[in-house]
Structures are given as C-alpha cells and as structure tokens.
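Below is one structure, written out as structure tokens; the observations come after it.
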2 protein chains.
Amino acid sequence: MAEVTGTETITGRFLMGRRRSQLTADDIAALEGSVQTVRSLPARTLMITAGERVTVSTMLLEGFICRYMDDREGLRQLVAIHVPGDFVDLHGFPMEMLDHDIATLGPVKVASWPHAALAKVMEGRPNLTRMLWFSTLLDAAMHREWIFRLGRLGAEGRVAHLMCELNVRLEMVGLASDGRFPLPLKQADLAEACGLTGVHVNRVLRSLRERGMLVFRNGIVEILDRRALATLGEFDPAYLFPDDLRKD
Amino acid sequence: MAEVTGTETITGRFLMGRRRSQLTADDIAALEGSVQTVRSLPARTLMITAGERVTVSTMLLEGFICRYMDDREGLRQLVAIHVPGDFVDLHGFPMEMLDHDIATLGPVKVASWPHAALAKVMEGRPNLTRMLWFSTLLDAAMHREWIFRLGRLGAEGRVAHLMCELNVRLEMVGLASDGRFPLPLKQADLAEACGLTGVHVNRVLRSLRERGMLVFRNGIVEILDRRALATLGEFDPAYLFPDDLRKD
DNA sequence: CATTCATGTTGATTGGGATCAACGTGACCG
DNA sequence: CGGTCACGTTGATCCCAATCAACATGAATG
C-alpha cells in the first residue's frame with residue numbers, strides 16, 4: 001500500500017507512485033515557489049469551458065474533478081476523472097486553449113500556477129520539463145485506455161475497468177486502501193463516464209454487488225474481489241506507469 | 001484548401017496547418033539536422049510492441065500508421081490513426097515506454113530521431129520544446145474525441161466522425177482535396193477504430209453511400225456531402241486546433 | 001485454368017443496453 | 001410534519017448492432 005507522504009506540501013502528491021523520485025529537491029522547490037493560489041471550490045462547479053483561453057494551470061489537491069464534452073443534445077461524455085496529485089489542465093500550457101469543459105465532482109481544493117510562472121520554472125530545468133510533459137502524457141495513456149474500454153468492453157467490463165483504474169490511482173497517492181475509497185459520483189456520472197445510461201449502470205452495480213465483486217454506495221467504493229474485477233474489466237495497470245508494476 | 005509546401009524537407013508537414021508558423025527557421029533546421037534515419041516500411045508491419053523500451057521517435061512522412069491495443073481474445077481496438085506529418089511516438093520520449101502497439105497500415109516512409117538527439121535539440125529551445133509537447137497533446141485531444149465518438153455516437157455517427165476527422169487532418173497537410181483522399185484501411189480496420197464489427201461497418205458504409213454522403217471503395221474516400229456527414233458525426237474540428245478555424 | 005485466400009456483401013436471428021414508465025427512499029425545508 | 005426534489009431501483013418493451021451463416025468477388029498462386 002502506498003504511504004501518505006509529503007502531503008504537507010502543495011505538490012506532495014504530484015506524480016506520487018510514478019517516478020516522483022526523479023524530481024529533484026530543486027524541481028519541487030521551484031514548483032512550490034511559484035504557486036499562485038490555493039483555493040477551495042464547491043461540488044459541481046464549472047471551472048473551465050471549452051474554447052476558453054487559459055493562462056493558468058491547476059493541480060488538484062483534494063477531491064475529484066472531471067473533464068467532459070457535450071453531444072448535440074447536451075448529454076455529457078466524461079473523458080477524464082482526476083484524483084489528488086493530478087495536474088488537471090497542464091495541457092493548457094502548450095495548448096493555450098481547451099477543447100473540453102472541466103468541472104468539480106465533489107468539493108475540491110486546488111492550486112494554480114500562471115503559465116508564465118511555469119515557463120520560468122522550466123527554463124534551464126529540462127528534467128522537470130520532461131516530468132511535467134510526462135504527466136500530461138499519462139492523461140493521454142488513460143484516454144487510450146478509455147477508448148479501449150468503450151470500444152471493446154461490455155457494460156459490466158466498463159464499470160469494472162473504471163473502478164480498477166481509480167483504485168490503483170488512488171492507492172498511488174495514498175487515498176485508497178484495501179480496495180476502499182471515496183468517490184463522489186452519482187450513478188448518472190458513472191454512466192456518463194462509461195457510455196451507458198443511468199438505468200443500466202444501476203443494474204450493472206447490482207450485478208457486481210450480488211456477485212460479491214464491488215459495492216458502491218453513498219459515494220464509497222469497496223472492491224471485494226479485486227482479481228475478479230480486473231478480469232472482468234480486462235484491467236492491466238501498466239498504462240498507469242506505476243513504480244511497482246505488479247500484475248493484479 | 002491547404003497547399004503542399006515544404007515537402008521537399010523531411011519535417012515539411014510537421015504541424016502543417018496548426019501553428020507551424022510558430023516554428024522558427026532555427027527550430028526547423030535543428031530538427032532536420034538531427035534526423036537519424038529515413039526509411040520505408042511495407043504495409044501491415046508491426047513497428048513497436050507495448051511495453052517495449054523506446055529510445056527513438058518516429059515521424060510519419062508518407063502513408064498511414066495506427067496505434068492499437070488488444071483485448072483478451074486478441075481483438076484490436078485502434079486508439080489512433082496517423083497521417084503524414086504526425087510525430088507518431090514522440091510521447092515515447094518522456095514516457096520511455098509505450099502502452100500500446102504501433103503498426104503500419106499501408107506502406108510508409110518514416111524518419112526517426114534518437115531521444116538523445118531530441119533532448120539536445122530542445123536544450124535552450126523552449127519554444128521548440130513547447131511545440132513538440134503541443135504536438136503530443138494534439139494526439140491526446142484526438143483521443144478525447146475518440147472517447148466521445150465511442151461513448152455517445154451510434155454506428156453511423158462513428159464512421160462519419162472518423163471520416164470527417166481524417167479529411168480535415170489530411171487537408172491540413174495537403175493530402176486531401178474536395179473531400180477525396182486515399183485511406184489504406186479495410187472495412188475490418190474501420191470496425192476496429194469504431195468499436196464495431198466488420199459486418200456492421202459494411203452496412204453503415206452502404207447506408208452512407210446510398211444517402212449520398214460518402215463513398216469508400218478501393219482505399220479511396222470520397223466525401224460527397226460534407227455538411228451532412230459532419231452533422232451525422234457531430235463533428236466540430238476545433239479539437240484539431242487548425243489555423244483556420246472554420247465551422248463545417 | 002483451377003484453387004485458394006482475403007475481403008466484401010447480404011440475410012436471418014439473437015441479445016445487450018436503451019428507452020419508457022413507475023415507484024421507492026431519504027434529505028431537506030417551508 | 002407533509003411536501004418536494006434528487007437519486008436510486010425495478011419492470012416492460014424496443015431497437016441497434018452482434019453473431020452466425022452463406023455466398024460473391026477478385027487477386028494471387030500453383
């Protein structure tokens with residue numbers, strides 16, 4: 001199980017469990033030193049709208065954030081779920097504009113950096129630059145896995161896979177243990193992440209519960225049979241680039 | 001229509017149609033000067049296997065390349081299709097390892113750079129670094145759009161959307177005009193990109209043909225009704241970050 | 001020329017998840 | 001305390017795409 005370390009600092013969870021040790025003390029100090037603001041936001045708050053010009057990037061410190069796109073009828077498709085330690089919209093730094101919306105799920109605490117400050121921090125720090133770049137590519141790797149989920153798995157597999165992913169990611173930052181973690185999603189949100197309807201997610205959750213694999217109730221996930229869930233979701237955590245690459 | 005310019009150089013199509021003008025002559029010269037090899041590969045060649053350690057990155061000069069992942073039964077899900085000008089696996093530079101396979105579709109010509117050479121080129125060139133980073137994030141943006149496609153669109157919408165995307169991307173690098181472009185995919189490949197079966201793709205293509213929207217035959221796509229196809233696929237090219245952001 | 005193999009095409013049937021509809025449950029609140 | 005509202009639950013029905021099966025077409029090969 002991952003230990004909770006360094007959470008007294010702002011960036012304590014950044015890349016935790018994934019090559020964080022490659023960050024030097026100077027790298028971390030430089031990042032910490034250029035934080036612009038730390039603030040809290042309530043649940044269900046729209047943070048950034050697609051097409052908006054962005055000049056700051058935000059790291060999630062506590063809580064959950066999602067990114068999503070709307071279809072013509074206004075139905076949402078989640079394209080990412082962020083957990084503490086994630087640099088939510090660092091891709092806005094090279095991109096300057098986002099192609100999707102970003103909103104909080106539950107209440108959150110976030111820190112933000114002006115892009116100008118980030119540029120300065122990266123100057124003369126090729127290694128830090130590469131680590132920041134790497135962190136944006138982790139999102140891309142997760143995107144790919146989500147494509148796989150939607151393209152190749154049935155409803156139960158999709159939910160199982162997502163739960164496995166969140167479990168591993170939260171374990172890496174010390175926020176899940178023994179397959180138990182908080183998740184402030186409604187069944188409808190889960191549906192929007194899995195390309196299903198809320199009604200069907202409800203049935204899938206019931207099935208997983210009855211089969212003794214997973215219970216999701218009151219915003220708490222309890223994975224009861226990790227192996228079975230991983231099998232059902234065809235889940236292999238390699239795409240998350242964890243430091244300890246165990247297969248389970 | 002995009003003009004074909006600069007194709008006499010190796011990197012002539014890199015970022016063409018998307019902020020290429022932000023690359024300085026020095027940036028381009030530095031990239032050109034550090035190419036390791038240029039070579040041709042036959043169709044259906046596996047280039048990189050998931051999990052493999054990578055030390056070079058490859059730009060596609062001619063032809064088409066795909067990235068994909070296998071499910072448990074060996075069925076493929078394409079997660080990306082690359083067109084000339086794409087830096088196919090630049091994400092391998094910060095990542096050092098890939099989470100998916102890469103293979104050619106038709107025959108291709110590619111150029112490659114050792115990562116060490118890329119690191120050197122980026123040194124002291126923060127702007128070039130940011131443009132290279134940007135190019136990897138374009139892939140992430142396309143991934144997100146693919147998630148949307150699979151999660152929210154029906155079979156016809158998925159095929160329509162993919163065709164719209166390829167048309168715009170190929171136009172940007174001067175390889176499509178009037179909605180006509182070569183595409184060395186079989187119906188089965190299209191199915192693997194769209195999360196459908198080959199049989200159903202066949203029916204979808206017939207429907208699109210009969211409705212006068214699109215003809216795909218013998219590796220050639222002809223878009224007959226661009227507007228209708230974009231509507232069907234809920235396609236908005238903004239996520240491709242084109243220089244000329246027209247809505248169509 | 002016959003054979004084989006990959007690819008495309010079409011029909012019949014099945015099934016998973018959407019949709020429509022109703023009701024349950026608990027938190028909040030006037 | 002009764003009403004309302006958000007969310008969850010369950011049943012009935014429908015429909016899109018999968019699956020199974022057969023055949024067509026054309027290129028490559030003996």
Side-chain angles (χ1 to χ4, degrees), chain A residues 42-44 71-77 105-107 149-162 182-211 214-222 232-234, chain B residues 42-45 71-77 103 105-107 149-162 182-211 214-222 232-234:
Chain A
R44 312 277 152 179
D71 74 359
R72 187 170 301 121
E73 290 116 38
L75 295 174
R76 300 199 305 179
Q77 173 64 48
L105 286 163
R149 263 199 7 237
L150 295 175
R152 285 287 163 259
L153 301 183
E156 301 209 334
R158 292 185 200 178
V159 173
H161 186 286
L162 179 58
L183 187 69
L185 297 194
K186 298 166 208 159
Q187 292 185 353
D189 300 319
L190 209 53
E192 290 174 340
C194 294
L196 301 168
T197 58
V199 171
H200 201 61
V201 162
N202 182 284
R203 294 189 228 268
V204 167
L205 288 176
R206 172 151 60 102
S207 164
L208 296 179
R209 197 185 322 127
E210 285 169 353
R211 289 201 270 161
L214 170 136
V215 177
F216 176 38
R217 210 155 21 198
N218 303 322
I220 305 281
V221 174
E222 287 179 276
L232 185 60
E234 304 202 13
Chain B
R44 311 279 152 178
T45 307
D71 76 358
R72 187 170 301 119
E73 290 115 39
L75 296 174
R76 301 199 307 178
Q77 173 64 47
L105 286 162
R149 263 200 5 238
L150 295 175
R152 286 283 163 263
L153 301 183
E156 300 209 335
R158 293 184 199 178
V159 173
H161 187 286
L162 178 59
L183 186 69
L185 298 193
K186 298 166 206 158
Q187 292 185 355
D189 300 318
L190 247 181
E192 290 174 339
C194 294
L196 301 169
T197 58
V199 171
H200 201 60
V201 162
N202 182 284
R203 295 190 225 270
V204 167
L205 287 176
R206 172 152 58 103
S207 164
L208 296 179
R209 196 186 322 127
E210 284 170 354
R211 291 202 270 160
L214 171 137
V215 177
F216 176 37
R217 212 157 18 199
N218 302 323
I220 305 279
V221 174
E222 288 178 274
L232 185 61
E234 304 201 11

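Below, chain A is the first sequence line, B the second, and so on; all start at residue 1. Quick note: numbers below take in every heavy atom, side chains included, and nothing from hydrogens, waters or symmetry partners. Computed from a predicted structure; not experimentally measured.
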Please name all residues satisfying side-chain hydrogen bond (donor to acceptor under 3.5 Å, both in side chains) with B:Arg209, sequence neighbours left out, ordered by chain then number. none
For A:Ala160, all residues meeting side chain to side chain contact (heavy atoms under 4.5 Å, CB included), sequence neighbours excluded: A:Leu229, A:Leu232
By side chain to side chain contact (heavy atoms under 4.5 Å, CB included) - contacts of A:Pro184 (at least two apart): A:Phe64, A:Leu105
Flag side-chain contact, heavy atom, 4.5 Å: A:His200 against A:Val159: no
Nucleic acid footprint by protein, nucleotides 10-19 of chain C - heavy-atom cut-off 4.0 Å, B for base, S for sugar-phosphate alone: BBB----BSB
Of all residues at least two apart in sequence or in a different chain, which pass the side-chain hydrogen bond (donor to acceptor under 3.5 Å, both in side chains) check with B:Thr45? none
Using whole Å, what does the distance between atom C1' of nucleotide D:dT10 and atom CD of A:Glu210 come to? 12 Å
Here the pair of heavy atoms bringing B:Ala191 nearest to B:Gly198 is CB-N, 3.6 Å
Rounding to an integer number of Å, can you tell me how far A:Ile220 CD1 sits from D:dG8 P? 14 Å
For atom CG of A:Leu205 and atom P of D:dC7, their distance in whole Å: 15 Å
Could you check how far CZ of B:Arg217 sits from P of D:dT25, rounded to whole Å? 14 Å
Does B:Arg158 form a side-chain contact (heavy atoms from CB on, under 4.5 Å) with B:Leu162? I'd like the steps, not just the answer. CA-CA 6 Å; B:Arg158 293 184 199 178; B:Leu162 178 59; over 6 Å; no
For B:Arg76, which residues count as a side-chain hydrogen bond (donor to acceptor under 3.5 Å, both in side chains) partner, sequence neighbours excluded? B:Glu192
Any residue in residues 183-194 of chain B with a heavy atom nearer than 4.0 angstrom to DNA chain D? Just list them by number, or reply none. none
Atom CG of B:Asn218 to atom P of D:dG26: distance rounded to whole Å? 10 Å
Identify, with sequence neighbours excluded, every residue that meets side chain to side chain contact (heavy atoms under 4.5 Å, CB included) alongside B:Val199. B:Thr197, B:Arg203
What is the bend of the helix from C:dC1-D:dG30 to C:dG30-D:dC1 when you compare the axis at one end with the axis at the other, using five pairs each and rounding to 10°? 20°
Whole angstrom value for the distance that separates P of C:dG8 from CG of B:Leu208: 15 Å
Contacts of type side-chain hydrogen bond (donor to acceptor under 3.5 Å, both in side chains), residue B:Glu234, not counting sequence neighbours: none
Assess whether atom CZ of B:Arg217 is packed by more than 12 heavy atoms of other residues, nucleotides or ligands within 6.0 Å. no
